[in-house]
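What follows is a short report on a single structure.
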Amino acid sequence: MLKGKVKLPERDRRVLPDRLGSLVANFDEKGGEIGGSNWELEFGEELETILPNGLGSDRESDVDNEDNSEDMDQRVRHRPNKDVVATPVAVLKAIALDEKRSDLQYELSRREINLEKLQRIASTGIPDGGGLRATTWKLLLGYLSPSQDLREQELKENRQKYAKLKEELLLNPSEYTWKKEGEPSSTVQDDSDVDEPGPLRRHEISEEDHPLSLGKASPWRKHFQHTEIVEQIDRDLQRTHPDMPFFSGESSFSRKNREAMKNILLLFAKLNPAIRYVQGMNEVLAPIYYVFSTDIDKQNAANAEPDSFSCFIRILGDSVDHFCQQMDNSSRGILATLSRLSDLLKANDEELWRHLEFATKVKPQFYAFRWITLLLTQEFSFESILRIWDTLLSNPFGVQDMLLRICCAMLLCVKKRLLSGDFVANLKLLQHYPDEISIEYLLQIAWLNSITRHRSVTIELMNRQKQMSERKQRFVSRVVGQAKKIRASMLLHGKLHATICEVDKLAGEDCCKFFCKLFEGSAVFGKGAARLYATIELGNSTVGRTRHIANEHCHLQWNESFLIYTAHFATHIVFSVKEEEVIGARVIGRAYLPIEELQNGQQLDNWLEILDKRDKPFKGGPQIHVRAQFFDVTQDYNWSQGIISPKFPGVPYTFFPQRSGCRVTLYQDAHIPDKCIPEIPLARDKYYEPHRCWEDVFDAIDKAKHLIYIAGWSVYTKITLIRDLRRKKQGGDLTLGELLKMKANEGVTVLMLVWDDRTSVKLLKTDGVMATHDEDTRSYFHNSGVHCVLCPRDPDIGQSIFEDLEISTMFTHHQKILVVDSDIPNGNSGKRRIVSFIGGIDLCDGRYDTPFHSLFRTLGTAHHDDFHQPNFSGASIGKGGPREPWHDIHCRLEGEVAWDVLFNFEQRWRKQGEGEDLLVQPRQLDHIFLTPCPVMFPEDNETWNVQLFRSIDGGAAHGFPHAPADAARAGLVSGKDQVIDCSIQSAYINAIRRAENFIYIENQYFLGSSFSWNSNDIKVEEIGAVHLIPKELALKVVSKIEAGERFSVYIVIPMWPEGIPESASVQDILNWQKRTMEMMYTDIAKALKAKGIEANPKDYLSFFCLGNREKITDGEYEASEKPERESDYSRAQQARRFMIYVHAKMMIVDDEYIIIGSANINQRSMDGGRDTEIAMGAFQPYHLATKQPARGQIHGLRMALWYEHLGILDHCFLAPQDLECIRKINQIADTNWDLYSSETLDHDLPAHLLSYPIRVTETGEVTNHDGMEHFPDTEARILGSKFEHLPPILTT
């Protein structure tokens, strides 16, 4: 205890100012400065203890509320003789409690309260009843004056100021059109009407007050802007302590309480648009409002709302930066706080710290984020929370100081269990903290830590109080500044061209010294060598980032330009100047460019004022020079027009140009048996001809003379490529490894780049995400002519330090490439050409399949030595099926684009291979190789235009330019000392924006656009799945609904990502997928409602999966063992069903444009700095949907795929955009799902396409069907679950 060693300074009390927008009661503005040099904010106010039933304490104090100090002693029980040893423990506790109540009542009755003594008493817990906690809390938070002479007047004025804020910011605009009693009208002609309340007449309502007014000052416009925030607050308040009638239920009592809390939270959001309302603030407010509203003083209880508002602001003032993503990397952000907790644990128990940090890798961000941001309100019972807050708020060093010590004590109290636990066990323990831990013991441990830490109490107290006061003042100033800039978010959908030029040399010697001083003594680079960069932000998303430059002369020059695809709601474009730190970055200042200034499409060339963290100008007025021009998506001549000309130039601003005169061969699955696909008519009396991928791959390798280059996520040497007994080939019985060794022995240069799976995260191994045979493959080719290099993926991205995990364990080389030399068809020159294969099919186990996708019937033949089933623990051919069927898409490229694939491999080999001298130089061997040129004549109706796209950075590809201007000219993105090619995402965005009628997608994953998720139980800005593809699809459908046109989107995905379906990683991904779907369906539902259309959102956007079910047949393979009883494996085997795994990465637009590659629709694949990917986008110039539907090879592939999935070809399939088509396909898929999930099996499943098992409400909410929470035969939730111990960067 402090024992009265420190005398806290007295405070000048102030009231809420007249200025609209001030949050904190003790803030006053005089000439732009905060009034009062002694303005302080104190911590330690007590809470009134309540019972968890929500009805308040039933133990009322014997002390009358209006007591006099002179008869205080008469109300205190006499102490028993201390020598009486037989006194029961309960009696001793009661005596101690009464002593504490007496001390507290006496202290509160004094004319001038000793705040230090009040802190000391309250820190040990405040007795229930008598309004003690409410009064003490208000005192220690600085809301009540220590002087009783000032208290009543301050309360009155503060409550009046709150009422004024409510009237100005929360008043329903309809009340503007209602004449109040006694309020005269300026236009009244008849005196008899003057004092009559009621509706205003039409001529009495101003234009701005009309509900349809679009004026910026219109109260209706402002009212509608916050509708979504109100809805989110309402949902959160419904879930606040649902076991307490005070908060939950539909009684008038609980509704009144929720309405008051909603007013507080909404007022905070309106006054603080930079932070707004964040999920979890309701939990912080709940104890405050409860304690104040259950005060026995009826007047105080009636004013619980204004009092709670002011105290809520004071509590948030110490931790508000934890709710702001932009502050995460600052010294006051959540990362710094978590780091301080780690340091505190290390100082108190290094053994436990090392076990958590290194042995089990349980980082504080996995469990303590919620502890700290919500002030422990989710970890304990409500009664315990109040007791903990007594100590939190009584700490003279501030709430956050004691909060960290309590968090540290929580770890120390379960040390034994933590030391004996592994990663999963410890996470479970800390995320569900045991309730058997004594709260008093826990707080005692925390206080011991506090006393040990703070030996120089007097000096530390003064310094910390000063810091806390300054922090509150900065927060208040920032809020006041931001309250002036409230704007409605606007949709910025199109392309933003932005240039960050420079920060001007600061005018004025004093200003320059001040600004430069911010950069001195960098913890990373040493004094005077701070490395600075600038970012461009829209909403919660960073959309552009410059390189680092060293600050030397206070004149920063970047001159970097950005092309940014946008689909964001925002109020401003924010340009931030930041300094790199060891962890993350520190924001130096920000400049704001209002969105509305960009709407006319003109280029802006502005010097913007840089504001500090309080949104106030720096002294001397530094500015940032930027240029910006926005092109709305509707201004693009290709918008919703498809490919309007055969001369379409391709996707702009990319590394590889579009190539003409190419040939493309499309593949579905690894093999197509004879007569598997019926005749599909194409244009000019032709028919679609399906091709056989692995047969063509075998022939390409077998016939290569000079080079065979392979890059893959996995390459398995034991597979055979030829398995159809009716289509045997010479040498077809060779394994892939034997075939490659044979070609190397013939003198062919065989180079392989295989991803080096160096993961140390064992959880992923058991989830079935890895297991790539990389070491087996390298060992097989050791000391052979095949050069096999295992290359890790080590992207240099900003999240690496933030997530504190090894990047090489999280990201992969995911390209699937084969490049060979080939002869020239029908050529006699003897020269060779380059042929390339790309797509989704790795040359490894489990990939060979046909459109039949058998589960059991090929186990004795094609799949006996290639049994692949990673979704069940211990699955093997010895235990029988079902195997995991595999559906995929691949392609072969010929012409100049094949050379682009070769160039990509050469770039990667030069970066991570065994030396450039091993590469064949076909461009220099013109006597052997034809130079890159078209392979089809321009007049050939089957010619293709093809463009290559990638996701890759300079860490994986050699030769990327370093200068930002050079990178931009090469179609690359520069930022933070890295150069990235993220053109696959650009290709998808451009194709979606061009789409006129329909889009068909098959992909292994579907999640993204997290900035637009309408979830309220997570901080979406922390998810980081910011690619635009799902949002672009939703906006495309919305635009068609608004235009009164039909448009359909079909998306086929797996039932779940490959792996144990109940595992954390799979459930996390399913959870992100559900949120993505819901975001899209919500947008569509809102558009339908706005147009007055009664329709199911699935009439415009439908998700499907694939599955199979087979009856037992004679002669079927019989396993020698059985799976474990009651396992997923056993249930699936008995039910004779399993999903067909969709591994394709393909999109078809209007049957005229196709994208095929290795990239999934998730952030890992689209980012460019995570997984490396490759894809192609292509169209046939003679088969465009300009005057009539396209009927070329792309149409043929789609119809062949639909036949594979549906088992039929229907005339309506020719117009996928029509309502008839999408409803018919949904009807078939619904029937197939019913058969798939049925308890009985009478016949084989007639077709494979299944409706994805979700229900979509008319508002767009995605839920389970009744009685269908889990996938058949599993305990895996269809909608997934959120596992906080897996960082989102891993699963998005």
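The basis for the numbers below is simple: all heavy atoms, side chains too, and nothing from hydrogens, waters or symmetry mates. Counting begins at 1 with the first residue of the sequence.
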Is a side-chain donor-acceptor pair under 3.5 Å present for [Y] with [X]?
X     : Y     : answer
E1058 : N871  : no
T240  : N282  : yes
R1255 : T1257 : no
Q1227 : T1231 : no
S254  : S251  : yes

Salt bridge (charged side-chain N to carboxylate O under 4.0 Å, His left out) contacts in which one or both residues fall within [range], not counting sequence neighbours:
range              : value
residues 1130-1139 : E1116-R1136, D1128-R1131, R1137-D1273
residues 848-858   : D849-R883, R857-D1244
residues 1097-1115 : D1099-R1223

Should the pair [X]-[Y] be classified as a salt bridge under the 4.0 Å nitrogen-to-oxygen rule?
X     : Y     : value
K1224 : D1210 : yes
K1089 : E1258 : no
R847  : D669  : no
E250  : R258  : yes

Item to check | Donor-acceptor under 3.5 Å (H1265 side chain, I1254 main chain) | outcome: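 Yes: the side chain of H1265 pairs with the backbone of I1254.
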Counting neighbours of [atom1] on [X] that are heavy atoms of other residues, nucleotides or ligands and sit closer than 6.0 Å, is the number greater than 12?
X     : atom1 : value
E1220 : CD    : no
E1118 : CD    : no
E1094 : CD    : no
E436  : CD    : yes

Item to check | Worked verdict on S1251 versus D1230 for side chain to side chain donor-acceptor pair (under 3.5 Å) | outcome: CA-CA 5 Å; S1251 292; D1230 288 342; 2.4 Å; yes
Item to check | side chain to side chain donor-acceptor pair (under 3.5 Å) between E1204 and Q668, worked out | outcome: CA-CA 9 Å; E1204 174 184 338; Q668 64 188 98; 2.6 Å; yes
Checklist entry - What residues, two or more places apart in sequence or in another chain, satisfy side chain to side chain donor-acceptor pair (under 3.5 Å) together with K1019? => result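 Partners of K1019 under the side chain to side chain donor-acceptor pair (under 3.5 Å) test: none.
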Next on the checklist: My understanding is that only residues two or more places apart in sequence, or in another chain, count here; which of them pass side chain to side chain donor-acceptor pair (under 3.5 Å) with N1003?
Outcome noted: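 If we apply the side chain to side chain donor-acceptor pair (under 3.5 Å) test to N1003, skipping adjacent residues, there are no hits.
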Checklist entry - Between F246 and F253, what is the ring plane arrangement, given parallel below 30°, perpendicular above 60°, and tilted in between? => result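 Perpendicular, since the angle between the ring planes exceeds 60°.
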Next on the checklist: Parallel, tilted or perpendicular: which one describes the rings of W1072 and W1013, with boundaries at 30° and 60°?
Outcome noted: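 Ring orientation, 0 to 90° scale: parallel.
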Can you sort out the partners of [X] under ring-ring contact (aromatic ring centres under 6.0 Å, His included), two or more places apart, ordered by chain and number?
X     : result
W1233 : Y1236
Y1050 : W1202
Y1203 : none
H1027 : none

Checklist entry - Taking it one step at a time, do H853 and H1248 satisfy ring pair (Phe, Tyr, Trp, His ring centres under 6.0 Å)? => result CA-CA 9 Å; H853 299 300; H1248 298 151; 5.7 Å; yes
Next on the checklist: So I385 and T377, do their side chains get closer than 4.5 Å, heavy atoms only?
Outcome noted: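 Counting from C-beta outward, T377 and I385 do come under 4.5 Å.
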Item to check | side chain to side chain contact (heavy atoms under 4.5 Å, CB included) against E259, all qualifying residues, sequence neighbours excluded | outcome: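 Result, side chain to side chain contact (heavy atoms under 4.5 Å, CB included) vs E259: K262, N263.
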Item to check | Counterpart residues, salt bridge (charged side-chain N to carboxylate O under 4.0 Å, His left out), relative to K1122 (two or more places apart) | outcome: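 With sequence neighbours excluded, K1122 shows a salt bridge (charged side-chain N to carboxylate O under 4.0 Å, His left out) to no residue whatsoever.
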Checklist entry - Residues two or more places apart in sequence or in another chain: which of them pass salt bridge (charged side-chain N to carboxylate O under 4.0 Å, His left out) with K1086? => result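 By the salt bridge (charged side-chain N to carboxylate O under 4.0 Å, His left out) rule, K1086 matches E228.
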Checklist entry - When you look at H1205 and E1002, which way does the side chain to side chain donor-acceptor pair (under 3.5 Å) test go after all the steps? => result CA-CA 12 Å; H1205 301 333; E1002 293 186 0; 2.8 Å; yes
